[in-house]
Number of protein chains: 2
Amino acid sequence: MALDNPTTQAVVTTADKVFDQMLHAIVEGTIKAGSKISEPELAKHYEISRSTLREALNRLEKCHLIERKANVGSRVVECSIAGLLEIYVVREALEGMACRQAAINMTDDEIIEMKSMLAQHANSKALRDGVSYYQEEGDLDFHYKVILGSHNQQLINILCGQLYHLVRMYRCQFGMNSPRATKAFDEHSRIIDAIADRDGELAEMLMRRHIAASRKNIENKISQQL
Amino acid sequence: MALDNPTTQAVVTTADKVFDQMLHAIVEGTIKAGSKISEPELAKHYEISRSTLREALNRLEKCHLIERKANVGSRVVECSIAGLLEIYVVREALEGMACRQAAINMTDDEIIEMKSMLAQHANSKALRDGVSYYQEEGDLDFHYKVILGSHNQQLINILCGQLYHLVRMYRCQFGMNSPRATKAFDEHSRIIDAIADRDGELAEMLMRRHIAASRKNIENKISQQL
DNA sequence: AACAATCACATTGTCGACAATAAACACTAG
DNA sequence: CTAGTGTTTATTGTCGACAATGTGATTGTT
């Protein structure tokens, strides 16, 4: 699928497969947030040994999707509003910096590719106006490209390797079909322009505002529900 | 020891102990950077089973101290200049944001504690002027306190849980006894002032400059050596 | 009846052995 | 002498069983 992590190495071992399955299950809520994980039960369900399952659990823990306590067991992380806002704060900082680095380090070819990607998004957006699902995927694609464009392995690992699974989990489970679609699209355009101009300072500022706007949008939504 | 990670849960299981020992060994270079890790060999050395060793290896991987390839094995990460600069970029973004959040979320008591800590550092600095080892520890203590003061669990996990082990590794192996001791101390003071004033914007800017200065200091050192 | 201590059970941590994969070596052909 | 291939060997991935720990129920006491 389009959203698959571009930094994920090829799935070869059985632990990898189980990790992938559990990843989707947790993101989509099939395995409920906050629920306790029974090793014997899951091992039987996936028809693997406990060792292999534990290997998969370790990878999930690396993504901060489950938490382990010694001699007690593992739990899927909770989905709280506070937790979601925390992630947005981290994203604002990290993706802002990734955007600054992208303006410095992206190759001309990469920039061209991003522009064409955005043009594609513009088309499909015009076609199915208001429908935000594809826009959601497009949004993730855009952010991925920027992060990879930073050419900073640490940034890439943290953002693509661990944080984005959590982001997807929240999006799935809170059903956030952002009504900011057209606005977000314009913001994406300006960010690419800044990168193409090699203006790191502006690129970072725009990306931070873009993410902060997204966060405030959520905060408003929440306060309405109260 | 004073530098131990405040977020690390109590060491109860034998895998925890081995993890701790290997952590120190890697940070201090006893286990050389870039070297391959032989599971049977290390298991024999620590007198544990391979399963337990692998559990420890998984935690090291979580800290980005080792890297694994399927069906090939684990290697200790390399210590390259480029890698060090990458980390500083991430720190500038994350600790800057942590500082902003600290200005918002720190309790008055926490601020008072930080000020007294800094006063202590001032004393010991006056006593052993120019000697930077303690200052190094003091530096880490300061940054830890700010990060914890953000009250953002994601920030705390990423910075204290994984990134700081890498920072310590580089400091150990590159022998960086920063000659910025007195300058850094002044910068720390101003940062605390900004936090005490609850001026998040200024606090973030000061912290980013503080870390960027550290990075440029290293860049200069490197270019001199060439 | 409420609380504490003890005991039984289930779950996690650890172990050693086997299977599968990759690297190293030797051998043959060009 | 080099390149390619087949075999051997060592390393990693996986498995099932045992030991240690935490949890919940049961029983005894106040």
Side-chain angles (χ1 to χ4, degrees), chain A residues 5 7-26 31-78 161, chain B residues 5 7-26 31-78 161:
Chain A
N5 188 336
T7 64
T8 313
Q9 68 256 2
V11 176
V12 279
T13 177
T14 63
D16 287 325
K17 292 173 200 161
V18 174
F19 165 72
D20 261 30
Q21 293 183 48
M22 291 191 69
L23 180 65
H24 285 103
I26 291 178
I31 300 179
K32 285 187 195 100
S35 67
K36 183 167 170 7
I37 287 179
S38 162
E39 291 185 6
E41 184 184 323
L42 275 182
K44 202 169 66 180
H45 177 257
Y46 288 109
E47 296 177 323
I48 55 174
S49 125
R50 260 186 62 222
S51 318
T52 307
L53 178 74
R54 282 164 73 88
E55 187 67 35
L57 291 183
N58 272 317
R59 314 232 178 124
L60 291 172
E61 199 185 359
K62 266 185 53 179
C63 305
H64 297 267
L65 286 173
I66 70 174
E67 287 165 349
R68 279 175 62 190
K69 273 186 194 169
N71 289 316
V72 172
S74 315
R75 304 194 79 88
V76 181
V77 294
E78 297 276 359
Chain B
N5 188 337
T7 63
T8 313
Q9 68 255 6
V11 175
V12 279
T13 176
T14 63
D16 287 325
K17 292 172 202 162
V18 174
F19 166 71
D20 261 32
Q21 293 183 47
M22 291 190 69
L23 180 65
H24 285 103
I26 291 177
I31 300 178
K32 286 189 195 97
S35 67
K36 185 170 170 5
I37 287 180
S38 163
E39 292 185 6
E41 184 183 323
L42 275 183
K44 203 169 64 178
H45 177 257
Y46 289 110
E47 295 177 323
I48 55 175
S49 124
R50 257 185 64 221
S51 318
T52 308
L53 178 73
R54 281 165 73 89
E55 186 69 36
L57 291 183
N58 271 317
R59 313 229 179 128
L60 290 172
E61 199 186 359
K62 266 185 54 178
C63 306
H64 299 266
L65 286 173
I66 70 174
E67 287 165 347
R68 279 176 61 192
K69 272 187 194 168
N71 289 314
V72 173
S74 315
R75 304 195 77 88
V76 181
V77 296
E78 297 275 358

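Here is the naming used below: chain letters follow the sequence lines, and residue numbers restart at 1 for every chain.
The OG atom of Ser74(A) sits 4.5 Å away from atom CD1 of Ile66(A), with the distance rounded to the nearest 0.5 Å. Distance check: Leu65(B) CG to Ile31(B) CD1 gives 10.0 Å after rounding to the nearest 0.5 Å. Distance CG/Leu42(A) to CZ/Arg54(A): 13.0 Å, rounded to 0.5 Å. From Lys62(A), atom NZ reaches atom NE2 of His64(B) across 6.5 Å, with rounding to the nearest 0.5 Å.
When the P atom of dT11(D) is taken as reference, atom CD of Glu41(B) falls 9 Å away, rounded to whole Å. Regarding Lys44(A), its NZ atom lies at a distance of 21 Å from the P atom of dT14(D), rounded to whole Å. Rounding to whole angstrom units, CG of residue Leu53(B) and C1' of dC15(C) are separated by 13 Å. Going from atom CG of Asn58(B) over to atom P of dT12(D) covers 13 Å, rounded to whole Å. In this structure, Ile48(A) atom CD1 and dG16(D) atom C1' are separated by 14 Å, rounded to whole Å. Atom CD of Glu47(A) is separated from atom C1' of dC15(D) by 15 Å (rounded to the nearest Å).
Axis angle across the helix from dA1(C)-dT30(D) to dG30(C)-dC1(D), with five pairs used at each end and values rounded to 10°: 10°.
The list of salt bridge (Lys or Arg N to Asp or Glu O under 4.0 Å) pairs with a residue in residues 40-52 of chain A, not counting sequence neighbours, reads Glu39(A)-Arg50(A).
Contact of the Leu57(B) side chain with the Met22(B) side chain is registered, since non-hydrogen atoms from C-beta on lie closer than 4.5 Å.
Taking the side-chain contact (heavy atoms from CB on, under 4.5 Å) definition, one finds that Ser51(B) meets it with Ser49(B), sequence neighbours left out. With sequence neighbours left out, the side-chain contact (heavy atoms from CB on, under 4.5 Å) criterion links Thr13(A) to Ala15(A), Asp16(A), Arg59(A).
Listed pair Ser51(A) / dG16(D) fails the phosphate criterion, with no side-chain N or O lying under 4.0 Å from OP1 or OP2.
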N/O-N/O pairs, protein side and nucleotides 9-13 of chain C side, under 3.5 Å:
residue, atom, partner, partner atom, Å
dT12(C), OP1, Lys36(A), NZ, 3.3
dT12(C), OP1, Ile37(A), O, 3.3
dT12(C), OP2, Glu39(A), N, 3.4
dG13(C), OP1, Asn71(A), N, 3.3
dG13(C), OP2, Arg54(A), NH1, 2.6
dG13(C), OP2, Arg54(A), NH2, 3.1
dG13(C), O3', Thr13(B), OG1, 2.8
dG13(C), N7, Arg50(A), NH2, 2.8
dG13(C), O6, Arg50(A), NH1, 3.0

